[in-house]
Amino acid sequence: MTSAIESEYEAFLGLFAAHRDRVFAFIFSLLPNHADAEDVFQRCSLLLWRKFSEYDRERSFLSWACGIAFYEVRNFVRSTQRDRMQFDTALMAQLSDHRLKQLDRKREHLDALKSCLDSLQPRERELVQQAYLGEATLKDFAQTTGQALQTLYNRVARLRRILFECVRRKLAAE
Amino acid sequence: MSSTSSHSELLSLLDAALAETLTPAQHERLQSLLRDDAGAQTDYFDYLDVHLGLKQLVLSADSEAGEPSLAAGLPCGQAIPELATSSLAHRVSRRGWGAVAALGLAVALTGTFMAGSLCWRGDAAGTQPVVATASQTGTSPEKIAVRLSQMSKAEFFGELIPPIASELTPHHSYALIKGTVELTYPSGAQATIQAPAVFSIDSPESLRLKIGGCSVHAPDGAQGFQVMTPRSQIVDLGTRFFVGVDDLGQSELQVIEGAARLQTQDSGQDVEKTLLAGEALRDQTTVRGTQAIQFDAGRYISRLPDRVISYEASSDQPGGPVRDLRSVTVQRGGKSFCYAAEDLIGIEVLHFAGSESNRNVAWMGEFPSRPAETLERDFALNTGLLNPGGRTAEERNRPVPDDFRTRPGIAFRFRQPVINGPGPDVVLFELQSPVYPIEGDRFRVGPLAADATLHDHLVTCFDITLRSRNAMMVQPFQLSHLSRVPQSLEELSHPDQELQTHFSLDFSALAVGIDLSDLGYSENAAVTGLFIEDAHDDDNIVDPVLIGGFPWSATPGKDVR
C-alpha cells in the first residue's frame, strides 16, 4: 500500500468510526431485522471503502454513506426471497428521507437513554442488561429467578417503553 | 401519530418486529401506520434508537473484559507455523522514530474501535427479542474449529488479521478488503477466498459467502461441504469448484473437478441443478432461476501466491521483543519450506550510499568497527544499514552506471551463488514502525551490473506487514547519525558521537521474498549479487536489517530443507 492509499484508508477509518452507528441505525430503520441489517451493513462497509475515492470531502459523510446504504438495502430487498416481510419501496423512500434528517441528534439520544437507564430500579436494570446480553443469558436468568422466559420478554418490552417515554421527556426538556 | 391507541399499537407492533415474531398481517398494519405519517415515523425511529442504544450501552459496559490471548509458537519444520507475537494494538500505542505519534495512535485506536464494532455488528444476527452473541457477551463462542491456514497480503476491514493457524470466530462476518486467505475445515475441505469478500463461518462444514469469490477443494472425506450465498446453496459432491457472489447477491458456480449441486428457489419452488466438471451456472435476480454461463477454469485459485509465510526469532522472554532470526518459512512453487537462519546464504556488503538521510547504522551493544557487519555477520533483526539512497524518476531514465559504487543504494555479494529456483529466492527483512507505511517501504532490487537481459524489480508490498500478527516486535536498538549523508562504506564508520538515538520504542521486522525471475534471471541461473535501492518516490526509506538467499538445488528431487 502506498502512503497515499494508507492515508486515504486512515481518513476513511476515522470517518467511518465516527458514523458507523448512525449508518447502521439508518439501515436498521429500513430493514428492522438484525440479520438482514447486518448483512447489508457489512456489504455497505466494503462498498463505502471501495467508493471512498468518489466521496466529496465537502459533503456530509453521513449523507453520502446513507445514500449508498439506501441503494444497498434496495438491492438486498430485490435479491432476497419474496416471502420475507420488508417495507415497500415507497415507504422505504419516505423513511430514508425522514431518518437522515433525524440522525444528527443520536448522541443526545444516547446520553438521555443512559440517564434514563440509570434511573431504573436495580432489578429492572439487571433485567435489561441480561436481556441485551443475549438470549442464552436471559434464559439462565429466567431459570435462576424461576420466571417464565416469555414473562421476561414482556417485562423487557415494558421497560423499553418506559425508557422510550423517559428519553422523550428529557430531550423535550433540553 | 394521531391517537394514543395507534401510538400504543405501533409500539406493540415494533416489539413484535424486534422479537421477529411479526405476522404478515401485522407487517401490513405496521406499514399502513408508518405510511405518510411523520409523527408515527418519528416514534418508530425513536423506539428503534432506544433498542439500538440499549444494546450499545449494555455491550460497551460488558466489553471491558480484556483481549484474547495469542497463540504460542511452533517449531521450524511446520508447514503452517503459529508464532508468538505481541499485540499490534499494544505496539501501535507507542511512538516511533522522528514521527508524529498522534497519527499512529489515532489509527490504532480507530482500528481497535472498528474491530470491536464490526465484531458486534457481525454477530448480532438472532431470532429473539434481544440479540447478542458469544463474542459480544463474553460467554464461550461455539467451537467450529475452522482455521486460517494461509494468507497472502490479506487485510480485513477494521480488524487485525488473526494469526496463521488460529481458529476463526464462528458467525463473525469477516470483510476481506485485500489479498487472499485460505481456510481449512476439520474435514480437510479448504476454501480460498479472494478480496473483496465478506464471509462467515456458520458450521464446521459450511462457509457463508455474502459477496466475493471463493475456490473450494473438498478432498475425500469432505464431501458435502457447503457454500451458502444470499440466494443459493452449493453442495460439494467431491470436487473442486469456484463460487462467486456479486453485489446483487447473485451466485456463479464453476465446477473444475468432480461435481457440485446448486440449490436455489424459483417462484417459491426449490430448484436443484447438478453440475459436472467443465460446467458453469449463475442464479440471477433478473432472470428466473438459473442460467448456464461460459465455463472459466481461470476463476478457480488452486493455491496462494509463493511468498514468505512467517519467521521465528529468539527473544529473552516468552512473547517479548525478538532479536535473532531463527528460521523463515517460505512457499516456493506451491510448497512450504522452513529454512533455519544458519542455512540462509549470507551476504558481503560491497557498497553503501545514501541520498538524503544520514541516520544509517542501527546497532546494539558497541558501535561496530565495521558497520557492514550488521548486515553480514549476525542474524539480528534490529541491526542493519538503514536509509540507503535511491534514484529519482529522472535519474532512472538514464543508463545505469557500470560501477555500482557511483550509485545510491546497497550493493552486496552472496557468499555463494543463489540459484533461481521456484518462488522467492532471497528474503529481505526491514525495520518498521506503525507511523510509517504499514505494508513496508518500497524499494527496488536489481542486478549488480547493467545487463540487457535483466532489469530492476520494484517491491511495493512486503509479504509480512504490520497488519500481520506474524510481524514480530524487535528489541530496542541504537541508531547513529553521520556528519553527512554517507557515500561509501568507509563513511559509515565515523558516526557523530553526539548524535545517536536510542530507541526503546516499538519497531517490528517485516519480511519480503524476492523472486529472481522478477529481475529477468532464467530458471536455475546462479546469481552472485544484487543491488538494492530505495524506491525514492515518497518520504519513506527502506531499512534493511537482514538479507539472505535460500539454498536451492537445481537437481530435481533433492530436498535442501
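Every chain is numbered from 1 and lettered A, B, ... according to where its sequence line falls, protein lines coming before strand lines.
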| Shortest non-hydrogen contact between Asp46(B) and His109(A), atoms and distance | O-NE2, 3.7 Å

| query | Considering only heavy atoms, which portion of Thr23(B) lies under 4.5 Å from any heavy atom of chain A: side chain, backbone, both, or neither? | reply | backbone

| query | Between Arg161(A) and Ser12(B), does any side-chain donor sit less than 3.5 Å from a side-chain acceptor? | reply | yes

| Side chains of Gln56(B) and Leu113(A) in contact at under 4.5 Å (non-hydrogen atoms) | no

| request: Using a 4.5 Å cut-off on heavy atoms from C-beta on, say whether the side chain of Asp88(A) contacts that of Arg35(B). | output: yes

| message | Taking every non-hydrogen pair under 4.5 Å, which of Asp441(B), Val198(B), Asp537(B) racks up the most with chain A? | response | Val198(B)

| query | Under a 4.5 Å cut-off applied to non-hydrogen side-chain atoms, are Tyr153(A) and Asp15(B) in contact? | reply | no

| message | If you define the side chain from C-beta out and look only at heavy atoms, does anything of Gln26(B) sit under 4.5 Å from Met85(A)? | response | no

| said: Would you compute the distance between atom CG of Leu163(A) and atom CG of Asp49(B) and round it to the nearest 0.5 angstrom? | reply: 13.0 Å

| request: Under 4.5 Å heavy-atom distance to chain B, tell me which part of Leu95(A) shows up: side chain, backbone, both or neither. | output: both

| request: For residues Tyr44(B) and Ser29(A), report the shortest heavy-atom separation together with the two atoms involved. | output: OH-O, 2.6 Å

| Can Asp43(B) and Arg168(A) be counted as an ion pair, charged N to O under 4.0 angstrom? | yes

| Of the backbone (N, CA, C, O) and the side chain (C-beta and beyond), which part of Leu47(A) lies under 4.5 Å from a heavy atom of chain B, both, or neither? | side chain

| query | What part of Ala535(B) is in contact with chain A, defined as an atom under 4.5 angstrom from a non-hydrogen atom: side chain, backbone, both or neither? | reply | neither

| Which atom of Leu110(A) lies closest to which atom of Gly53(B), heavy atoms considered | CD1-CA, 3.6 Å

| Just how far is it from atom CG of Leu54(B) to atom NZ of Lys114(A), taken to the nearest 0.5 Å? | 12.0 Å

| message | At a 4.5 Å cut-off on heavy atoms, which part of Phe199(B) comes close to chain A: side chain, backbone, both, or neither? | response | neither

| query | Taking all atoms of both residues into account, what is the closest heavy-atom pair of Arg43(A) and Gly249(B), and its distance? | reply | NH2-N, 3.7 Å

| Tyr132(A) side chain vs Leu57(B) backbone, donor-acceptor pair below 3.5 Å | no

| request: State the NZ-CG distance between Lys55(B) and Asp21(A), to the nearest 0.5 angstrom. | output: 11.5 Å

| query | So, for Leu46(A) and Ala175(B), which heavy atoms are closest and what is the spacing to 0.1 Å? | reply | CD1-CB, 4.3 Å

| query | Which bit of Leu48(B) is near chain A, if near means a heavy-atom gap under 4.5 Å: side chain, backbone, both or neither? | reply | side chain

| Any side-chain heavy atom of His51(B) sitting closer than 4.5 Å to one from Pro32(A)? | no

| remark: Under 4.5 Å to a heavy atom of chain A? For Ser200(B) that would be neither

| query | Relative to chain A, which segment of Leu30(B) carries a heavy atom at a distance below 4.5 Å: side chain, backbone, both, or neither? | reply | side chain

| task | Look at the aromatic rings of Phe45(B) and His98(A) and report parallel, tilted or perpendicular, splitting at 30° and 60°. | result | perpendicular

| Around atom CZ of Arg123(A), are there more than 12 heavy atoms of other residues, nucleotides or ligands at under 6.0 Å? | no

| query | Taking all atoms of both residues into account, what is the closest heavy-atom pair of Phe157(B) and Ser45(A), and its distance? | reply | CE2-CB, 3.7 Å

| message | When you compare the side chain of Leu11(B) with that of Arg160(A), does any pair of heavy atoms fall below 4.5 Å? | response | no

| query | Is the side chain of Gln94(A) donor-acceptor paired with the backbone N or O of Asp36(B) at a distance under 3.5 Å, no angle test? | reply | yes

| Note, Ser173(B) side chain near Glu38(A) side chain (heavy atom, < 4.5 Å) | no

